[in-house]
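Dropping a structure here in structure tokens format, bear with me for questions.
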Number of protein chains: 2
Amino acid sequence: MEEQDIIRALAALAHEIRLRVFRALVVAGPDGMTPGALGEALSVAPTTLSFHLKELTQAGLLLQSRDGRHLIYRADYARMGALMAYLTENCCRGTPCVEAAPSCTNC
Amino acid sequence: MEEQDIIRALAALAHEIRLRVFRALVVAGPDGMTPGALGEALSVAPTTLSFHLKELTQAGLLLQSRDGRHLIYRADYARMGALMAYLTENCCRGTPCVEAAPSCTNC
DNA sequence: TCAATGATTCAAATATCGTTGAATTATGGA
DNA sequence: TCCATAATTCAACGATATTTGAATCATTGA
């Protein structure tokens, strides 16, 4: 991932609705969720949700597919992994960082 | 870290200048850097840099101290670690995530 | 105390982001 | 084909964020 891709992904996640949408989809797993289900679960208007789903998708964090008249959004785990790797790469160059991020070992 | 803290930190990092400033300070380590040195290294005007340093500091990602007439900024590794932990916490709930983020094991 | 240096704050202009309702596209079933 | 459903796109408005030069604050050394 290039610097601009990282910035785009960070910007996409740096919004209350989008962060909640992304987390909901991470929890939902491979089955993903429809905009209708997400909108109901998070109490977000269809138009507003559509705008944010587009932002997340264009940032590369979500994958979209269709099932009949439903669209299905899923978290792109590989992309999230790449973002984590980029941040971790810089985070772990110095000694203090290793001590400060012990949770990384959970992976 | 609360959701709002996470959003603030992500928003702070989601900007070209601020991401470069933060990375420069991570590389600089405990000694930190002055705004003058950062401005020269990254070719950013003093006023603009000051604005972004304030953003990063208020987001909790930087620590500020004074040495004579120089200010010294340092990356807050603990905060960065907490941010990584929050993202990792959600990232690692499902199986796909573990496979997608192998670099986490470098920590 | 005064001048010089390092850095920030302020105010104004520009650019970008976020929300909303109305209109539009896509699909499935009668 | 026609209607209902699921979701998006469009346009306009208001809210935020970013940049810039001028002014201000803090500190050191003469």
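These figures come from a predicted structure and were not determined experimentally. Each chain gets a letter, A, B and so on, in the order its sequence line appears, and its residues count up from 1.
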Go through C:dT8, D:dT18, D:dT19 for me and flag the one nearest to the B:I17 side chain.
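Of the candidates, D:dT19 comes closest.
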Of the nucleotides D:dT18, C:dT8, D:dT9, which one has an atom closest to the side chain of A:K54?
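The closest nucleotide is D:dT9.
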Rounding to a whole Å, what distance do you find between A:I7:CD1 and D:dA17:C1'?
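My rounded result for the distance is 15 Å.
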Please confirm whether the shortest side-chain N or O distance from A:H52 to OP1 or OP2 of C:dT19 is below 4.0 Å.
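Indeed, a polar side-chain atom of A:H52 lies that close.
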Length of the line joining B:L38:CG and C:dA7:P, which is rounded to integer Å:
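Taking CG of B:L38 and P of C:dA7, I get 9 Å after rounding.
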The side chain of A:F51 is closest to which nucleotide in this list: D:dT19, C:dG18, D:dT8?
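So the nucleotide nearest the side chain must be C:dG18.
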If you look at every heavy atom in B:M33 and B:A28, which pair is closest and at what distance?
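Looking at all heavy atoms of both residues, the closest pair is CG-CB, 3.7 Å.
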Nearest-0.5 Å distance, CG of residue B:D76 to CG of residue B:L25:
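Result: 11.5 Å between the selected atoms.
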More than 12 foreign heavy atoms under 6.0 Å from CD of B:E40: is that the case here?
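Counting other residues, nucleotides and ligands, CD of B:E40 stays at 12 neighbours or fewer.
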Quick one: closest heavy-atom pair of B:L61 and B:R79, and the distance?
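Shortest heavy-atom separation between B:L61 and B:R79 comes out as CD2-CG, 4.2 Å.
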Around A:E16, counting heavy atoms of other residues, nucleotides and ligands shown, do more than 12 lie under 6.0 Å from its CD?
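Correct, the count exceeds 12.
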Check this one for me: any side-chain N or O of B:R66 less than 4.0 Å away from OP1 or OP2 of C:dG6?
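Negative; the distance criterion is not met.
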Atom-to-atom span, CG of A:L62 to P of D:dT8 - whole angstrom:
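Interatomic distance, CG of A:L62 to P of D:dT8: 11 Å.
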For atom CD of B:Q4, is the number of surrounding heavy atoms from other residues, nucleotides or ligands below 6.0 Å larger than 12?
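Yes, enclosed.
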Of A:D67 and B:L53, whose closest DNA chain C nucleotide lies nearer the 5' terminus?
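That would be B:L53.
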Rounded distance (Å) that lies between atom P of D:dT27 and atom CD of B:Q64
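Taking CD of B:Q64 and P of D:dT27, I get 11 Å after rounding.
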Return the value, rounded to whole Å, for the distance between atom CD of A:E40 and atom P of D:dA6.
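Nearest whole value for this atom pair: 11 Å.
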For B:H70 and D:dT27, is the shortest distance between a side-chain N/O and OP1 or OP2 below 4.0 Å?
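It does not, given that no N or O in the side chain of B:H70 lies less than 4.0 Å from OP1 or OP2 of D:dT27.
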B:T48 side chain, from C-beta outward: closest of D:dT19, D:dA7, C:dA7
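My answer, after comparing the listed nucleotides, is D:dT19.
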Atom CG of B:L49 and atom P of D:dT18: how far apart are they, to the nearest Å?
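Interatomic distance, CG of B:L49 to P of D:dT18: 14 Å.
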Under 4.0 Å: is that the gap between some side-chain N or O of A:S50 and OP1 or OP2 of D:dA7?
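Result: no.
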Does A:Y73 put a side-chain nitrogen or oxygen below 4.0 Å from OP1 or OP2 of D:dA6?
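No, no such contact exists.
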So, is A:R69 near the phosphate of C:dG29, with a side-chain N or O under 4.0 Å from OP1 or OP2?
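Checking C:dG29 against A:R69, no side-chain N or O comes under 4.0 Å of OP1 or OP2.
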Output the rounded distance in Å from CD (A:E55) to P (C:dC17).
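So the CD-P distance, A:E55 to C:dC17, works out to 7 Å.
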How many Å lie between CG on B:L42 and P on D:dT19, as a whole number?
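Rounding to the nearest Å, CG of B:L42 and P of D:dT19 are 13 Å apart.
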Taking 4.0 Å as the cut-off, does a side-chain nitrogen or oxygen of A:T47 come that near to OP1 or OP2 on D:dA7?
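The answer is no; no side-chain N or O of A:T47 sits under 4.0 Å from OP1 or OP2.
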Taking for each residue the nucleotide of DNA chain C with the nearest heavy atom, is it A:A11 or A:G68 whose nucleotide lies nearer the 5' end?
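Its nearest nucleotide lies further toward 5', so the answer is A:A11.
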